[in-house]
Amino acid sequence: MRAISSEAFDTVAGISSEGDDVIVDLSRPDGLLLSELLALRIVDPESPDNGSGPFRIVRRAPSTETIRFDQYHGGSSELGGVNIVTYESQRGAWAALLRGEVDAVQEVSRESVEFLEASSNARTYSFLQPFYIPLVFNLEHPVLGKLEVRRAVTEALDRQAIVDKAMSGYGRVADGPVWPLHWGFSAPPARYPFNPAHASERLNRANLSLEGSATAPGQRTRFSFGCLFWSEDPQYERIALMIQRQLFDIGIDVHLEPATLLEIRTRVSVGDFDSYLIRTNASRALDLTYRFWRSTGPGGMAMQRSGYTGADAQLDALQRSTSDDDVRRAITELSQRFYEDAPAAFIAWTEITRAIDSRFVVPDAGGEDPFAKIWQWRPAGRENQQ
Amino acid sequence: MARQISERIAQYFDNTRRILNSVAGQMQGTQLHGWQQNRILRNHALDFPEFRELTLFDSAGSVVATSRATSVRLSTPPRVLQRDDPVYIAPPRLDHDELPTTTIALSLTSQGAPGGWIVAEISLEELWRAVDRIRVGETGYALLLDEADRIIAHGQADEKRLIAGGATETPEQDLAARLRRSKEVTTASTRLTTLSGVDVLAVAAAVRLPKWTVIVEQPETEALAVAHRLERQLYIAIAIALLATVAAGSWWGRSFIRRIFALTKVTDALAAGKMDARVTLTGRDEIAQLGTQFNAMADRLVELQDEIRKQERQVMFGRIAAGLVHDLSHPIQTIGNSCKLIQRIFDDAEYRATFRQTVERELGTVKRVLEDLRNIARPMPLERFAVDLNISLHEAVETMAPMAETAGVTLRGEFVREPAYIEADLFAIGRVHRNLILNAIQATAPGGLVIAATEVHADRVVMKVCDTGCGIPPERLHDIFEDFVTTKRRGLGLGLAISKKIVEQLGGEIRVGSEVGKGTTFVLEFPRAAAPPIALIAG
């Protein structure tokens, strides 16, 4: 279990079994354990690629190919198998769907969703994901480590405009890392509205006045910092550009540094960053929120590495909640904490759009991810119109 | 409309060119730092979704500034074109996503010398949105094809797959190629069936810049809907007009014919003798006038008829009076004369006997005349016995023989050998014989012939009286048996009328045939009767 995460399951004291039951002994209450256990798979050691899912992998290259597993406990799928093809970009995958090369696209690029929505050849399913986009600050940065600066940065960002323009409206402004659709979530007690004037005042109070910029000759800036952004998704380039422009309006010069996901992980892991912009999974049960923001010792989760410890107590309270009221209270306090001492500027929750060819009948997902029930898809009986 | 849409497309690219001009204007001849140029390009890329990327190149083709935060994907136009075209729109090519893309490049000058290029990558998705916004009616749309007739944009959501798939040999491409080949025209139209099987009206128009083709398509069901609707309305209007015409014609015709029938009916009634029949025709047209005139004619006819009757009555009465005067004046005169004479020689016994005979004779004549008049007015009492017509006719011939001899006419009887019994009144039938023979003798000139004959058939007996006299004109034949009709100068004209009456009372019929100058034949037919039983006289 600890191979998945060195910090997960740290409350597990021991595991035993009695008959068909698995008994997990905990050192203390852990309200997040069940969701973390979802990351586990029951596999056959002699066939590690296959678990107890509806499909089993038969090949991984050049594309991942699976075939139906008839002994699946949920029933045999009407699909013979599922092949997963990877494209360089979301746009490329969408174009492949148009050409009929694929039957479904996991994520349609924002600027293309409307074309698929208008088409009768495919159905689109848009839903809010528990993924958010934070501009995570390195708190060891001499300027970004200041609370007022981080608050000013958040106030200077017109996050709704970022959602509207860079995300084509497919998203929701985020006020913290807590999944807003969690059953225990209530509206945050406070939030930072877009107010560049007030942001400027904060910076003035932080003694960050406008001065000649070394990085932007001819321009007066307060300070500058770098921003790693995920370059493999064009959407993040546009978000980064908008952040750069908005912060420049209050005198903050942001240097954009495109990087792959691997490069970001690498640099973050060694603390070689001022800030980074990436999509982060909050998880529906908040277990990843806990794992991402709980400060750790050496060897902990690399992604967060901001040096932030301001919410450890609230995150621990969330983990140790033993009742619904405890959870609600912990979430409220956690939200409040992230408002008071934000380690990042929380930009937006992402809305994802999946697209599935109309040749398939998809069971009603109830607003959730239709891919979660892919094994229940069935051909509609209509010929593929090529 | 196709031209308007092609102009819209051209304006779309004109707008992008204006934006580039604006960007160039902000950057040309200024001493902006690189980061400032980057900011300008990035701001434009963020604010104008038409552009995916904006990059500034120097005259050597090196990147000066770009809107990208990552690597630059653009390049300067081919050198061969740089000298002549300030604006260069590259032929669309497939990008790494295998979707068509194109760039627009604007050459810059610096103090009269080439100053580099500002190159923009056109956002395909934004171009698609612009084309999608083009609507024709409810279901019409537009397509955009490049110089190589490849489909760049398609206004139908389900047909964008043609772009991603690089479709070739579509009917739209044929239309674009046809337009391109005909350099003299700027539009071309046709009816075609899309690859989806929809029949559309398609019009292609050349875009000013870039030199692409825009095709406007509208499904025939909608494009021709107005024409079809008008056509339907026209058919309905024609049908209604025809029906109205037929109905009006039928109504008027029926009205006309009804009135004609009414007129005909009254005419028939008048012909049948219903002189009080009149027609009532409503309206003010000629038919109504005809009805009015008809009624007037009928009224006049009645008047004339009354006049004729009056005249005929006058004639008849005149003739009756003349006949009576003629037939009675002689006997009355004779009696008067005899009465005068008896007053003088009343003591002459011989004369008294003569007087008595004369008076009786003349009174008998008067009586007969009066009796004839009476018999015309009412049926004569007849007694029927079995009478042999041969015998009664023979007796009449013998009685009239002296008169015939006096007139110089030969009177001959031709009788059948077998008995010719009929049920008759002997006196009445004898009168008929004598009347017919007398008429024949009087109508025959001296030297002529009168024949009285009989014939016997199975169920009837025929009697004929033929003469070779002057004949009767045809116009007199039809009423020769009428009362008071005579060809003679004198007499009441009751002889043939009484004869006809007697014949008909006995169940027979009488007819006449005559030819002027040749003679006349009267034919009488009676039902044949059985012979009377033989009376045996004992003794």
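Numbers restart at 1 for each chain; the letters A, B, ... are given by sequence-line order, proteins then strands. Since the structure is predicted, the reported quantities are computational estimates derived from the model, not experimental observations.
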[atom2] on [Y] to [atom1] on [X], rounded to 0.5 Å:
{"X": "B:Arg68", "Y": "A:Leu241", "atom1": "CZ", "atom2": "CG", "result": "9.0 Å"}
{"X": "B:Arg42", "Y": "A:Phe248", "atom1": "CZ", "atom2": "CZ", "result": "11.0 Å"}
{"X": "A:Leu98", "Y": "B:Lys160", "atom1": "CG", "atom2": "NZ", "result": "9.0 Å"}

Proximal component of [X], with respect to chain A [non-hydrogen, under 4.5 Å]:
{"X": "B:Arg52", "value": "side chain"}
{"X": "B:Ser123", "value": "neither"}
{"X": "B:Asn43", "value": "both"}
{"X": "B:Arg39", "value": "side chain"}
{"X": "B:Asn38", "value": "neither"}

Okay, A:Phe229 and chain B: the region with an atom under 4.5 Å from a heavy atom over there is side chain
Using residues 220-228 of chain A as the side-chain source, report each donor-acceptor pair under 3.5 Å to any protein atom, sequence neighbours left out, with the distance given to one decimal.
| from | atom 1 | to | atom 2 | distance (Å) |
| --- | --- | --- | --- | --- |
| A:Arg220 | NH2 | A:Leu210 | O | 3.4 |
| A:Thr221 | OG1 | A:Ser213 | OG | 3.3 |
| A:Arg222 | NE | A:Ile250 | O | 2.7 |
| A:Arg222 | NH1 | A:Asn204 | OD1 | 2.6 |
| A:Arg222 | NH1 | A:Leu208 | O | 2.7 |

Note: B:Ala164 and A:Ala95 closest approach over all heavy atoms is CB-O, 3.7 Å
Taking every heavy atom of B:Leu46 against every heavy atom of A:Lys165, the minimum-distance pair comes out as O-NZ, 3.9 Å
Within residues 108-117 of chain A, the residues sitting under 4.5 Å from chain B by heavy atom, in sequence order, are A:Glu111, A:Ser112, A:Glu114, A:Phe115
- Task: Using the side-chain contact (heavy atoms from CB on, under 4.5 Å) rule, take A:Trp94 and B:Leu99 through it: C-alpha gap first, then chi angles, then the decisive distance, then the call.
- Result: CA-CA 10 Å; A:Trp94 160 62; B:Leu99 290 171; 3.5 Å; yes
Donor-acceptor contact below 3.5 Å, side chain B:Asp97 vs main chain A:Arg91 = no
Sorted by chain and residue number, the side-chain hydrogen bond (donor to acceptor under 3.5 Å, both in side chains) partners of A:Arg150 (sequence neighbours excluded) come out as A:Asp341
Could you have a look at [options] and say which one has the most heavy-atom pairs with chain B under 4.5 angstrom?
{"options": "A:Ala118, A:Gly92, A:Ala166, A:Ser89", "result": "A:Gly92"}
{"options": "A:Glu237, A:Gln244, A:Arg238", "result": "A:Glu237"}
{"options": "A:Ala240, A:Ser119, A:Pro258", "result": "A:Ser119"}

Chain A shares the most heavy-atom pairs under 4.5 Å, among B:Ala69, B:Ala45, B:Ser71, with B:Ala69
Within 6.0 angstrom of B:Gln4 CD, more than 12 heavy atoms from elsewhere
no
ring-ring contact (aromatic ring centres under 6.0 Å, His included) pairs touching residues 133-169 of chain B, sequence neighbours excluded, are B:Tyr141-B:His154
